[in-house]
Number of protein chains: 2
Amino acid sequence: MSKPIIFLQREFRTEFIEKIQALAPDYLIKTALSKDEVDHVAISVGWKKELNDALLASTQLKWVQSISAGVDYLPLEQFSERDVLLSNGSGIHALSISEHIIGTLLSYYRGLNQAVKYQEKKEWVADFTHYDQLAGKNLLVVGTGHIGQQLSKSIRSLGVNVYGINTTGHSAEGFIETYSIKNLTKIVSDMDIVIGILPGTADTYHIFNSDVFDQMKSSAVFVNVGRGNTVHTKELTTALKKQQIAFAALDVFEEEPLPKDSPLWELDNLLITPHISGLTVDFQNKFMKIFLINLKSYLEKNELAVNQVNLKNGY
Amino acid sequence: MSKPIIFLQREFRTEFIEKIQALAPDYLIKTALSKDEVDHVAISVGWKKELNDALLASTQLKWVQSISAGVDYLPLEQFSERDVLLSNGSGIHALSISEHIIGTLLSYYRGLNQAVKYQEKKEWVADFTHYDQLAGKNLLVVGTGHIGQQLSKSIRSLGVNVYGINTTGHSAEGFIETYSIKNLTKIVSDMDIVIGILPGTADTYHIFNSDVFDQMKSSAVFVNVGRGNTVHTKELTTALKKQQIAFAALDVFEEEPLPKDSPLWELDNLLITPHISGLTVDFQNKFMKIFLINLKSYLEKNELAVNQVNLKNGY
C-alpha cells in the first residue's frame, strides 16, 4: 500500500521539508504529483483551482492548510460534507498589511501620490498639495481579527483613535470601543478613516455600499484590504466621482486583475494596488509556525491546534 | 513719536491679533508697511527677502521671530552685529515632517510609488513589486532636534531601531545610541535608513556626499528633509544611478524649485516632493504658542523664552 502524501503546492526551503518529514515519517512529501499520486494526498498545503476536482475526488484527503487568510475560493461545502479539516494562514500577513495600510494613509495625507504624478511630468508644484495630519484622526477597523489588531496596535502609537466593528460587537484588544456590524452605517459618520478587512462570505457581500458611503464625511478615507466583493464597486465609484468621500485605496477587487475598461483606473482620488498588501518578508518562517504546530497536533490527536476555519462561517 | 511696530509678514486670525495687542498695548500691529513705517518695526514675525535691506536699515529692529525652523536664509551676521534677537519656529513642523518621513518610507517599502505609476497606465502589474518590512529596520536620524525626536518617538513604536547623530554625540531622548557627526561614515554602514534633518550651516554643507553613500548598504534608503545644501546632489545622483543605495526621497534641494533639466527628475529610485514635508495642520495655533510666550518674555525681560537661535551656530 502506498504511503499517504503531504502535498506542498508551493516550494519551501530544505530546512522546513526536513522538519515536516521528522514530524511525519510515515508520509511522503511531494511538491508535484503524478496521476496516481493524486489519490494518496492526505494533507494539502495550499490550494490551486487546477487541482480542485482531482483532489476532491481522492478519498484520502483529510486536511487542507491554506496559505491565505481568506478561504472563500476553496470548496467549503464539499470539505464540510467530506469532513475535510481546513486551517488558514491568518496572522502571517498581519504586519505587512498593517504597514501597507499606514503607508496608503500617510501617502495620501502627505500628498505623496500627487508628488509621484508631478515628478513623472518633471513639474514642481508645491501649492497643489492636499495635506492633513494622521495623528488625532478617528479610524474604524471593520474586522477585528489578526490584521485589525496589528493595525490598531501600530497606528494607535501614531496618535490615531481606533474603533472596531465585528459580527457581534464583542470586545477586542486595542480598540477604544467595538460595535456590531449592524451598526456600521451609524458609526461611520463619526469616522475619518474606514478600513475594510472582512473575509468574503454571504454576510459580507457588498457590505460597503452607498448606504455606508452616504453616511461618511466628505473628508473621509476608505481603504479595503479584505475581499474585493465586500465592496459594491459601482457605488464606491459613484461616491468617489461625486467626492462624497475624499479618497479610497483598494488592494482587492471584485474582478482581479482589474479589467482595463474599469472606470476605477481613471479616478484621481483612488489608489489602486494590485493585491500586494499581504506580500510578506520571511513568509516561510511565519507560515511554518502555523503549519508545523498543526501538523503535530493533527498526527497526535487528529485535531488542528491553531487557525482552524469554521466551514459554515467561512472564516 | 510713533509707536513701535510688530510687523506680521503673514496673516493671522483675529483671535491671535487680539492676544498680541493685549500683551503689547504700546505697539502697533501691522501686516503691511508704508515707507515711513518700515523705520518703526521693532519686532518682525517672519522674514521676506524683499524687505531685507529696508528692515536692516531700521535702527528700531530688535527681534525677529522666524516661522521656519531653518534660518540660513536670514542675515545672521548683520543680526549679530546689531544685537537683533532671533528665534525660530522649531517644533511647529515636527509632527508633519515625522508623518511625511514615515509615509515616504512605507510608500517605498510597500511599492506604492510604483503602483501609482502603473495606475496611470492602467496596468495591473503585481509581480513588479519591491516590498519590504519597515519593522526591524535600523534607522539613523542625522540631527536629533525637535523633528528627530518626534520621528524617533513615532517610528520606534512601529518596531524600528532608532539611532541618532548630532554635533557632539550628546544623548537625546528616544535614541538607542547617539554618535558624533564625525562618525557619520562609520555608522551608516550598519543602517537600513538614513534621515537627514540638518540645518544649513558651514559645517553641514555637502555633508551627505559620496564618502557617506559609498559606505551605505545597497538596500539602504536615504531621506532628506533638512536643508538641500546638506546633500552633494551630484554625488547622490551618481549613487542612485549606480544603485549604490536603493532609494532616496528628497523634499529639499540645493536649488528650489528644482530646475526642469535636473537629472534627478528621471531617477526611478528617487521620490521628489516639492518642499512640502513641513505643511502643517493647525499651523497658527502651533506657531502662536511659541510667539506669544516669547513676546511676553521679551516685553517683560528683554529675553526670549524659547527657540532662540545662536547667531554664531546658525540654529
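Because the structure is predicted, anything quoted here is derived from the model rather than measured. Every chain is numbered from 1, with letters handed out A, B, ... down the list of sequences.
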* Could you look at Lys121(A) and say if it's the side chain, the backbone, both or neither that has a heavy atom under 4.5 Å from chain B? => backbone

* To do: Would you please go through residues 217-248 of chain B and name the residues with a non-hydrogen atom below 4.5 Å from one of chain A, in numerical order?
  => none

* Is any side-chain heavy atom of Tyr118(B) less than 4.5 Å from a side-chain heavy atom of Trp265(A)? -> no

* Counting only heavy atoms not in Lys153(A), do more than 12 sit closer than 6.0 Å to its NZ atom? -> no

* Residue, of Thr273(A), Ile272(A), Asp132(A), that accumulates the most heavy atom pairs under 4.5 Å with chain B -> Ile272(A)

* Asked: Heavy-atom distance under 4.5 Å between the side chains of Lys260(A) and Glu123(B), does that happen here?
  -> yes

* What distance do Leu112(A) atom CG and Leu112(B) atom CG have between them, rounded to the nearest 0.5 Å? -> 9.0 Å

* Inter-chain contacts: residues 249-258 of chain B against chain A, heavy atoms under 4.5 Å -> Phe253(B), Glu256(B), Pro257(B), Leu258(B)

* Structure fact -> Value for OG (Ser262(B)) from NZ (Lys122(A)), rounded to nearest 0.5 Å, stands at 8.5 Å

* Structure fact -> Expected contact set for residues 274-290 of chain A against chain B at heavy-atom separation under 4.5 Å reads Pro274(A), His275(A), Ile276(A), Ser277(A), Gly278(A), Leu279(A), Thr280(A), Val281(A), Lys286(A)

* Heavy-atom pair count under 4.5 Å with chain A, highest-scoring of Leu270(B), Asp127(B), Ile155(B), Leu264(B) -> Leu270(B)

* Asked: Nearest 0.5 Å, what's the CD-CD distance between Glu266(B) and Gln119(A)?
  -> 10.5 Å

* Asked: Under 6.0 Å from the CD atom of Glu15(B), do we count more than 12 heavy atoms belonging to anything else shown?
  -> yes

* Taking every heavy-atom pair that is under 4.5 Å apart, which of Arg110(B), Gln114(B), Arg156(B) has the most such pairs with chain A? -> Arg110(B)

* Would you kindly say whether Ser157(B) and Ser157(A) are connected by a side-chain donor-acceptor distance under 3.5 Å? => yes

* Asked: Among residues 97-104 of chain A, which residues come closer than 4.5 Å to chain B, judged by heavy atom distances?
  -> Glu99(A), His100(A), Ile102(A), Gly103(A), Thr104(A)

